[in-house]
K.L.:
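First the structure, which I've put down as structure tokens, then a few questions once you've had a look.
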Amino acid sequence: MNIINKIIKIGLISAILVQTIACVRQPALTAELVPRSIKALNLEETITRRDELMMAYSLTSYDAQNKAVAVVNGGWGVVSVQKDQQIDLQKGGSEAINPAKPISLTLPHNGRIVASLVLIEVDDYTRARETMTKIQKIHNIVAIPVGLLITAAEVLTPLKYVSAGLIASGVGLQLMDKLDEDDLLGQSSVELRETDLRKSGQRLIHVPAQFTGQHMKDTFDYRLEYDVLLKTVKIQPVRQ
């Protein structure tokens with residue numbers, strides 16, 4: 001009888017332990033977007049033999065109900081580049097070229113994050129610098145995208161994600177409206193789902209992007225690389 005009681009106790013303890021472990025939430029994951037490098041294989045401006053570039057990027061998070069809950073923004077440029085020039089975006093390259101600062105955002109439980117990036121060749125250098133100054137002032141500041149129509153029913157381009165993120169952060173910029181004067185060289189995005197990342201254990205997503213096209217008689221070709229790093233964040237208990 002004692003043996004049976006011991007077996008029952010062991011079974012109860014095991015069941016309690018399994019239930020306790022199941023109730024303990026895993027540490028949250030934080031996604032960090034890190035621009036790595038850009039190379040100009042061919043320029044859009046063949047007459048001046050230089051392109052003036054700016055880059056804007058964002059992270060937008062969604063909860064388990066697919067509602068947009070947070071967004072952060074980053075920007076780099078405006079920088080003049082020549083053909084075959086390659087820039088390490090984490091080191092810069094000269095005093096005139098600053099590094100592209102990473103941005104990060106917590107991945108919601110059972111949710112997802114969309115990392116978006118756009119590369120633009122600007123015509124109005126002064127106006128572009130003003131735009132970039134505004135973007136960098138709200139760099140990596142988390143904003144709540146209240147009222148933004150970013151749902152699963154919408155098919156959004158990376159440009160729309162970045163533009164919507166800037167509006168949510170109070171910058172009030174519509175990058176899409178600026179493309180009458182500025183040229184979009186390329187856009188890229190990657191979506192990360194928390195459940196998929198938990199299963200795979202993947203902590204680094206390397207994204208190579210090739211931006212090619214033609215404007216008037218000029219053909220451009222840019223190779224850009226960025227990473228999305230997943231880091232574990234320990235949530236501290238709230239003190240009463």
Side-chain angles (χ1 to χ4, degrees), residues 14-36 55-76 89-90 99-118 135-154 156-158 160-171 188-209 225-240:
S14 299
I16 292 171
L17 286 173
V18 170
Q19 188 174 15
T20 301
I21 293 172
C23 292
V24 175
R25 179 170 292 186
Q26 294 175 300
L29 290 175
T30 292
E32 183 179 59
L33 192 162
V34 185
R36 289 297 181 189
M55 182 170 60
Y57 42 97
S58 69
L59 290 170
T60 308
S61 65
Y62 294 80
D63 62 17
Q65 287 71 46
N66 207 36
K67 177 185 177 182
V69 292
V71 63
V72 292
N73 305 278
W76 173 84
L89 293 173
Q90 288 307 298
K101 296 180 180 179
I103 56 175
S104 59
L105 191 63
T106 300
L107 186 58
H109 181 61
N110 288 332
R112 62 190 176 97
I113 273 182
V114 178
S116 306
L117 181 149
V118 296
I135 294 175
Q136 291 175 344
K137 281 183 178 179
I138 47 93
H139 175 86
N140 212 30
I141 297 176
V142 178
I144 309 300
V146 177
L148 289 183
L149 299 178
I150 305 181
T151 66
E154 286 191 88
L156 296 183
T157 64
K160 289 182 179 179
Y161 271 112
V162 172
S163 181
L166 292 173
I167 294 172
S169 299
V171 175
S188 174
S189 68
V190 60
E191 181 178 288
L192 310 174
R193 294 184 177 274
E194 198 233 17
T195 52
D196 295 338
L197 294 170
R198 295 288 187 191
K199 291 178 182 178
S200 67
Q202 188 175 10
R203 292 295 180 268
L204 169 63
I205 294 89
H206 179 68
V207 186
E225 296 184 358
Y226 63 96
D227 292 338
V228 181
L229 308 176
L230 281 304
K231 300 179 180 180
T232 301
V233 178
K234 292 182 179 180
I235 301 177
Q236 301 294 331
V238 179
R239 296 181 180 179
Q240 300 296 331

K.L.:
For a 4.5 angstrom cut-off between non-hydrogen side-chain atoms, does Val162 reach Leu117?
P.N.:
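Not touching, per the 4.5 Å side-chain cut-off.
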K.L.:
So, taking the atom named OG in Ser189 and the one named OH in Tyr161, what distance separates them when rounded to the nearest 0.5 Å?
P.N.:
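Here the rounded value is 7.0 Å.
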K.L.:
Which residues pass the salt bridge (charged side-chain N to carboxylate O under 4.0 Å, His left out) test with Glu194, not counting sequence neighbours?
P.N.:
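Glu194 satisfies salt bridge (charged side-chain N to carboxylate O under 4.0 Å, His left out) with Arg198 only.
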K.L.:
Got a sec, which residues hit salt bridge (charged side-chain N to carboxylate O under 4.0 Å, His left out) with Asp196, two or more places apart in sequence or on another chain?
P.N.:
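Salt bridge (charged side-chain N to carboxylate O under 4.0 Å, His left out) check on Asp196 returns nothing, list empty.
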K.L.:
Output, in order, the C-alpha distance, side-chain angles, deciding distance and verdict of side-chain hydrogen bond (donor to acceptor under 3.5 Å, both in side chains) for Ser169 and Asn73.
P.N.:
CA-CA 8 Å; Ser169 299; Asn73 305 278; 2.6 Å; yes
K.L.:
Any side-chain heavy-atom pair from Leu105 and Val142 closer than 4.5 angstrom?
P.N.:
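When only atoms from C-beta onward are counted, Val142 and Leu105 do touch, with a gap below 4.5 Å.
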K.L.:
Applying side-chain hydrogen bond (donor to acceptor under 3.5 Å, both in side chains), can you list everything that pairs with Arg193, at least two apart in sequence or on another chain?
P.N.:
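So Arg193 forms a side-chain hydrogen bond (donor to acceptor under 3.5 Å, both in side chains) with Glu191.
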K.L.:
With rounding to the nearest 0.5 Å, note down the distance linking CD1 in Ile113 to CG in Leu192.
P.N.:
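That separation rounds to 7.0 Å.
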K.L.:
Measure the CG-CG distance between Asn140 and Leu33 for me, rounded to the nearest 0.5 Å.
P.N.:
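So the CG of Asn140 and the CG of Leu33 are separated by 10.0 Å.
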K.L.:
Using 0.5 Å steps for rounding, measure from the CZ atom of Arg112 to the OG1 atom of Thr60.
P.N.:
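Going from the CZ atom of Arg112 to the OG1 atom of Thr60 covers 9.5 Å.
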K.L.:
To the nearest 0.5 angstrom, please state how far the CG atom of Leu29 sits from the OG1 atom of Thr106.
P.N.:
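It is 9.0 Å, given to the nearest 0.5 Å.
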K.L.:
State which residues pass side-chain hydrogen bond (donor to acceptor under 3.5 Å, both in side chains) with Asp227; sequence neighbours excluded, sorted by chain then number.
P.N.:
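Checked Asp227 against side-chain hydrogen bond (donor to acceptor under 3.5 Å, both in side chains); matches are Arg36, His206.
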K.L.:
Is there side-chain contact between Leu197 and Leu107, with heavy atoms separated by less than 4.5 Å?
P.N.:
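Yes, close enough: below the 4.5 Å cut-off.
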K.L.:
For the backbone of Leu204 and the side chain of Gln202, can you confirm whether one donor and one acceptor N or O come within less than 3.5 Å of each other?
P.N.:
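Checked: pair present.
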K.L.:
Decide yes or no on side chain to side chain contact (heavy atoms under 4.5 Å, CB included) for Leu89 and Glu225, but give the supporting numbers first.
P.N.:
CA-CA 9 Å; Leu89 293 173; Glu225 296 184 358; over 6 Å; no
K.L.:
Could you tell me which residues satisfy side-chain contact (heavy atoms from CB on, under 4.5 Å) with Val69, sequence neighbours excluded, listed by chain and number?
P.N.:
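Counting only residues at least two positions away or on another chain, Val69 forms a side-chain contact (heavy atoms from CB on, under 4.5 Å) with Ser61, Asp63, Pro108.
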K.L.:
Would a 4.5 Å heavy-atom cut-off, applied to side chains only, mark Leu166 and Ile138 as touching?
P.N.:
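Yes. Closest side-chain heavy atoms under 4.5 Å.
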K.L.:
Name all residues meeting the side-chain hydrogen bond (donor to acceptor under 3.5 Å, both in side chains) criterion together with Ser188; count only those two or more places apart in sequence or in a different chain, and write none if there are none.
P.N.:
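Only Tyr226 meet the side-chain hydrogen bond (donor to acceptor under 3.5 Å, both in side chains) criterion with Ser188.
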K.L.:
Tell me whether Gln90 contacts the main-chain N or O of Pro35 through its side chain, where contact means a donor paired with an acceptor under 3.5 Å.
P.N.:
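A pair under 3.5 Å: yes.
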K.L.:
Any heavy-atom pair between the side chains of Tyr57 and Ile103 that's under 4.5 Å?
P.N.:
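When only atoms from C-beta onward are counted, Tyr57 and Ile103 do touch, with a gap below 4.5 Å.
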K.L.:
Please find the pair of heavy atoms, one from Val34 and one from Pro102, that lie closest to each other, and give the distance.
P.N.:
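Where Val34 meets Pro102 most closely, the heavy atoms are CG2-CB, 4.0 Å.
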K.L.:
State the NZ-OG distance between Lys231 and Ser104, to the nearest 0.5 angstrom.
P.N.:
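So the gap between those two atoms works out to 7.5 Å.
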K.L.:
Taking the side chain as every heavy atom from C-beta outward, state whether Ile141 and Val72 have any atom pair closer than 4.5 Å.
P.N.:
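No - every pair of side-chain heavy atoms lies 4.5 Å or more apart.
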